[in-house]
Amino acid sequence: MGYDLKLRVWRGDASGGGLNEYAVQVEEGEVVLDAIHRLQATQAGDLAVRWNCKAGKCGSCSAEINGRPRLLCMTRLADFAEGDVITVTPMRSFPVIRDLVTDVSYNYEKAREVPSFAPTPRDPDGKRRMMQVDVERGQEFRKCIECFLCQNTCHVVRDHDHNKPAFAGPRFFLRYAELDMHPLDTNDRRKLSQDAAGLGMCNITKCCTEVCPEGIKITDNAIIPMKERVADRKYDPVVWLGSKIFKRGDRASREEV
Amino acid sequence: MTDTTGSPDTTGSTAAGAPTRHPMTGNRLTADSAAEGHGFEEHEYDVVVIGAGGAGLRAAIAAHDAGARTAIVCKSLLGKAHTVMAEGGIAAAMGNAYPEDNWKVHFRDTMRGGKMLNHWRMAELHAQEAPERVLELEEWGALFDRTSDGLISQRDFGGHRYARLAHVGDRTGLEMIRTLQQRAVALGIDVFMECTITEIFKTPSDEGERVSGAFGYWRETGRFIVFKTPSVVLATGGIGKSYRVTSNSWEYTGDGHALALRTGASLINMEFVQFHPTGMVWPPSVRGILVTESVRGDGGVLRNSEGKRFMFDYIPEYFKGETADNEEEADRWYEDKTSNRRPPELLPRDEVARAINSEIKADRGSPHGGVFLDIASRRDAEFIQRRLPSMYHQFKELADVDITAEPMEIGPTCHYVMGGVEVDPDTGASSVEGLYAAGEVAGGMHGSNRLGGNSLSDLLVFGNRAGIDAAQTALKSGNQSLQVRDEEVRAAAERALAPFSIAGAENPYTIQYNLQDLMQNLVGIIRKSDELSTSLREIEALKERASRLSVEGNRQYNPGWHLALDLSNMLLVSECIATAALERQESRGGHTRDDFPGPDPHWGGRNLVLTLGDDGRVQLRHQPLPAMPEELQDLFEAQP
């Protein structure tokens with residue numbers, strides 16, 4: 001049943017730090033966050049860690065476990081051998097605040113840059129109608145719990161801080177795609193996603209998809225289709241001419257932002 | 001407004017010269033400015049909303065739209081509040097699935113679910129306004145599941161006569177919080193993330209006293225922050241973290257309840273705590289995590305160790321008329337609701353939780369001390385994965401259980417507090433001028449028991465109402481008389497720092513652990529007079545120990561310190577719950593007394609009101625229930 005887990009946790013702040021070793025009593029069925037909590041309650045009361053739901057729904061407890069971006073609450077100890085040392089470090093792409101807590105404000109700044117949803121007017125009865133098949137595309141992207149593991153793992157910004165101002169990151173490509181595929185939205189965000197959000201910097205290595213705890217196919221279902229939409233707008237002369245001559249179809253009702 | 005960036009890195013200051021500040025604590029270092037003023041970062045707003053869940057965000061949006069300079073202050077990152085955990089849906093009588101549904105039916109269901117102890121006016125407003133609040137979310141980008149003709153789909157839930165819950169799979173809370181979060185960001189509302197409010201300030205006014213500001217600390221740096229504001233909206237959620245087995249997160253420490261008490265407002269119905277019938281029970285690390293009621297709404301049934309659908313044995317007299325008494329009728333109901341009665345698995349939550357508790361006590365439970373929730377044998381795998389994707393994921397990842405192939409083990413978990421700040425139903429105003437409450441922290445709406453789905457709609461309806469009135473009050477007051485006294489601010493800072501200077505060596509984590517144990521064991525689902533009395537004595541002992549607790553480390557992102565400060569709220573609110581539970585000598589809704597097993601009409605007509613006396617002790621008084629107008633009473637004469 002229970003055993004003493006060998007845990008290495010990064011402790012420190014912006015000025016520096018290092019891995020501390022601990023032995024923590026753990027029980028059957030526990031996850032890494034349980035071990036961190038027990039460590040906090042019994043040996044290191046000031047150990048900084050974010051968490052909320054402990055059920056993989058809120059995306060607070062993102063960190064790197066043995067170097068892999070994971071949610072602490074969804075990583076089971078049973079996936080490791082009892083003798084294994086588990087190393088927990090903060091997300092690397094964001095400035096550390098203290099211990100496992102990082103400054104993720106980059107993501108909140110990028111969120112502010114996305115022009116908001118702008119729907120068509122309601123139907124005469126005051127309701128709106130959309131077909132299930134049409135909302136499902138956006139629903140996949142709205143499963144995002146904003147754990148920012150995709151942002152953390154994306155090589156465009158990981159170890160390349162200088163790219164951050166020009167690059168919104170996979171989480172926000174999801175958002176652009178969601179709005180672009182929304183049946184009732186009236187904005188055309190294709191130019192913006194290419195220019196300001198840096199969609200073109202992504203070279204679809206799918207690292208984001210691999211670490212997504214919600215299993216969202218970020219690259220295949222959001223980024224690649226967005227890239228295609230951007231390419232259509234920019235390079236396809238027939239699409240360009242059509243958009244000038246015929247004001248119809250999905251695109252005609254959309255306003256470029 | 002002096003500084004509205006909301007960033008912990010900015011030095012909030014007045015225009016008159018930038019003072020030198022300590023790089024981490026942000027405290028003013030220059031001597032001349034330290035001589036006057038309190039020396040901490042200060043902001044001025046018309047409305048400060050505490051909490052960024054559904055109610056807080058909705059209140060902030062409403063206040064902003066009403067023209068108020070508005071700030072949101074929250075303990076976690078934006079988008080992580082407990083609303084994100086809500087699964088099933090938002091109850092609103094939109095009539096998309098059943099045109100027969102309307103606000104009157106919803107009102108009636110809500111009142112009966114709360115065993116008629118609800119404030120009728122809140123239940124009325126809630127039922128009337130919920131549909132428009134849901135449509136509004138769609139306006140802001142929410143993508144609800146659809147009916148075949150493209151309208152918002154509505155699903156079945158316990159206690160609701162018709163399929164009524166607008167939903168997105170089983171992650172409706174995530175959709176709601178994300179939608180509101182994105183709306184608040186689009187409107188440019190200032191958000192102070194990872195910032196905890198510890199005190200609310202008052203100032204003399206024409207009517208006595210009114211709110212003038214709030215005091216708190218940035219979790220990241222530990223530095224203090226002062227808000228000057230005529231209106232504070234409490235939207236801090238519940239108290240569940242005072243129990244061992246709970247679906248609630250670390251934030252649920254009753255902050256708003258305690259702040260309200262200390263500011264002079266009253267709490268009602270605190271004895272009513274909802275234990276959700278279905279929380280996970282195995283493995284131990286996930287004990288308490290919520291299993292949505294939608295599992296039962298979508299066809300799941302409860303079975304004991306003998307394989308029996310035991311809920312048929314627990315249909316109370318009160319709900320006999322609307323509940324199926326045999327499996328055939330219950331199963332037909334999923335397809336045809338007009339000519340069949342509801343399955344007993346979909347009785348209100350208090351009834352189901354008590355029944356599960358009885359089965360476990362009678363040794364008919366599952367191997368790990370729960371009962372079985374079975375949808376695998378009743379619906380095909382494709383249906384389950386489509387309707388309940390996050391339940392599938394949760395059990396697969398955390399418990400190694402495939403819910404499309406085997407039953408889940410579940411048991412009751414502390415989920416929600418019906419009690420809260422006593423408010424004016426139309427505005428959310430408390431008895432203290434300028435202090436508002438909305439959402440779980442407010443009391444009255446749900447009576448003695450809340451129906452599933454009525455929480456998300458409550459957040460929207462009353463968040464909106466509180467936000468509007470808070471803005472109007474603030475704009476009327478014109479802010480001219482607002483005063484936050486420096487010595488009060490300094491005293492608040494001293495109180496917050498006390499755990500660092502006390503060498504008492506009590507560990508906050510240990511005290512929290514002890515409190516959770518005691519509340520679980522003595523003030524849980526089934527209560528007794530002697531156990532409740534014991535609990536009060538033990539809470540008193542914990543309070544004494546808490547006065548000697550000390551924390552290690554420094555002020556920078558120190559969870560031990562944060563818990564030490566939250567603990568005083570948890571202890572105060574736990575005392576309120578135990579006090580009211582001991583007083584109410586009957587069983588009703590979320591309050592079950594072993595020594596008074598049935599409901600009692602005498603108690604059915606009264607609320608218990610709690611306040612904090614000058615001596616710091618909790619005081620209790622009885623108050624008659626507000627009288628329902630006749631036209632609403634008539635709704636209860638006509639049988640379903």
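All chains are named by letter (A, B, ...) in the order of the sequence lines, taking the proteins before the strands, and each is independently numbered beginning at 1. For clarity, every value in this text was computed on a predicted model and none was experimentally measured.
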Measuring heavy-atom distances to chain A, does [X] have an atom under 4.5 Å in its side chain, in its backbone, in both, or in neither?
X: B:Ala81; answer: neither
X: B:Tyr252; answer: neither
X: B:Gln394; answer: side chain
X: B:Asp145; answer: both
X: B:Asp149; answer: backbone
X: B:Val551; answer: neither

Heavy-atom contact with chain B under 4.5 Å, split by part of [X]:
X: A:Val133; answer: neither
X: A:Glu136; answer: neither
X: A:Val101; answer: side chain

- Starting from the C-alpha separation in whole Å, work towards a yes-or-no answer on side-chain contact (heavy atoms from CB on, under 4.5 Å) for B:Glu220 and A:Arg98. CA-CA 8 Å; B:Glu220 181 182 326; A:Arg98 187 188 171 86; over 6 Å; no

When you compare the side chain of [Y] with that of [X], does any pair of heavy atoms fall below 4.5 Å?
X: B:Gln182; Y: A:Ser116; result: no
X: B:Tyr509; Y: A:Arg38; result: no
X: B:Leu174; Y: A:Arg142; result: no
X: B:His82; Y: A:Asn52; result: no

- Task: Tell me whether the guanidinium CZ or amine NZ of B:Lys80 lies under 6.0 angstrom from the six-membered ring centre of A:Phe148 and within 45° of its axis.
- Result: yes

Spell out, as yes or no, whether a donor-acceptor pair under 3.5 Å connects the side chain of [X] to the backbone of [Y].
X: B:Arg171; Y: A:Lys57; value: no
X: A:Arg129; Y: B:Gly150; value: no
X: B:Trp250; Y: A:Trp51; value: yes
X: B:Gln556; Y: A:Ile97; value: yes
X: A:Tyr108; Y: B:Leu78; value: yes

Do [X] and [Y] have side-chain atoms, one donor and one acceptor, less than 3.5 Å apart?
X: B:Trp561; Y: A:Asp46; value: no
X: A:Gln139; Y: B:Glu175; value: no
X: A:Arg76; Y: B:Ser285; value: no

- Any idea which of A:Lys127, A:Glu214, A:Gln132 has the most non-hydrogen atom pairs under 4.5 angstrom with chain B? A:Gln132

- Query: Relative to chain B, which of A:Glu178, A:Met130, A:Glu30, A:His37 shows the most heavy atom pairs under 4.5 Å?
  - Reply: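 So the answer, after comparing A:Glu178, A:Met130, A:Glu30, A:His37, is A:Met130.
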
- Message: Tell me every residue that passes salt bridge (charged side-chain N to carboxylate O under 4.0 Å, His left out) with B:Glu194, counting only those two or more places apart in sequence or in another chain.
- Response: A:Arg50, B:Arg219

- Task: Decide if atom NZ of A:Lys164 counts as having more than 12 heavy atoms of other residues, nucleotides or ligands within a radius under 6.0 Å.
- Result: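 Enclosed.
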
- Message: For B:Arg386, I'd like to know if atom CZ has over 12 heavy atoms of other residues, nucleotides or ligands within 6.0 Å.
- Response: yes

Euclidean distance, [Y] [atom2] relative to [X] [atom1], rounded to 0.5 Å:
X: A:Arg137; Y: B:Leu143; atom1: CZ; atom2: CG; result: 11.0 Å
X: A:Met131; Y: B:Ser148; atom1: CE; atom2: OG; result: 7.5 Å
X: B:Ile289; Y: A:Cys73; atom1: CD1; atom2: SG; result: 7.5 Å
X: B:Leu77; Y: A:Cys58; atom1: CG; atom2: SG; result: 9.0 Å

- Message: Quick test of your reading of the model: are B:Glu139 and A:Arg128 salt-bridged, counting only N-O distances below 4.0 Å?
- Response: yes

- Considering only NZ, NE, NH1 and NH2 on the basic side and carboxylate oxygens on the acidic side, decide whether B:Arg178 and A:Glu146 come within less than 4.0 Å.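 Answer for the salt bridge query: yes.
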
- Could you walk me through whether B:His393 and A:Met74 pass side-chain contact (heavy atoms from CB on, under 4.5 Å), step by step? CA-CA 11 Å; B:His393 185 73; A:Met74 295 302 276; 4.1 Å; yes

- Message: If you count heavy-atom pairs within less than 4.5 Å of chain A, which of B:Ser76, B:Ser249, B:Gly560 leads?
- Response: B:Ser249

- Taking all non-hydrogen atoms of both residues, which atom of A:Phe117 and which atom of B:Trp140 are closest, and how far apart?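 Heavy atoms of A:Phe117 and B:Trp140 come nearest at CD2-C, 3.5 Å.
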
- How far apart are the closest heavy atoms of A:His182 and B:Gly141, and which atoms are they?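 In this case the closest contact between A:His182 and B:Gly141 is NE2-O, 4.2 Å.
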
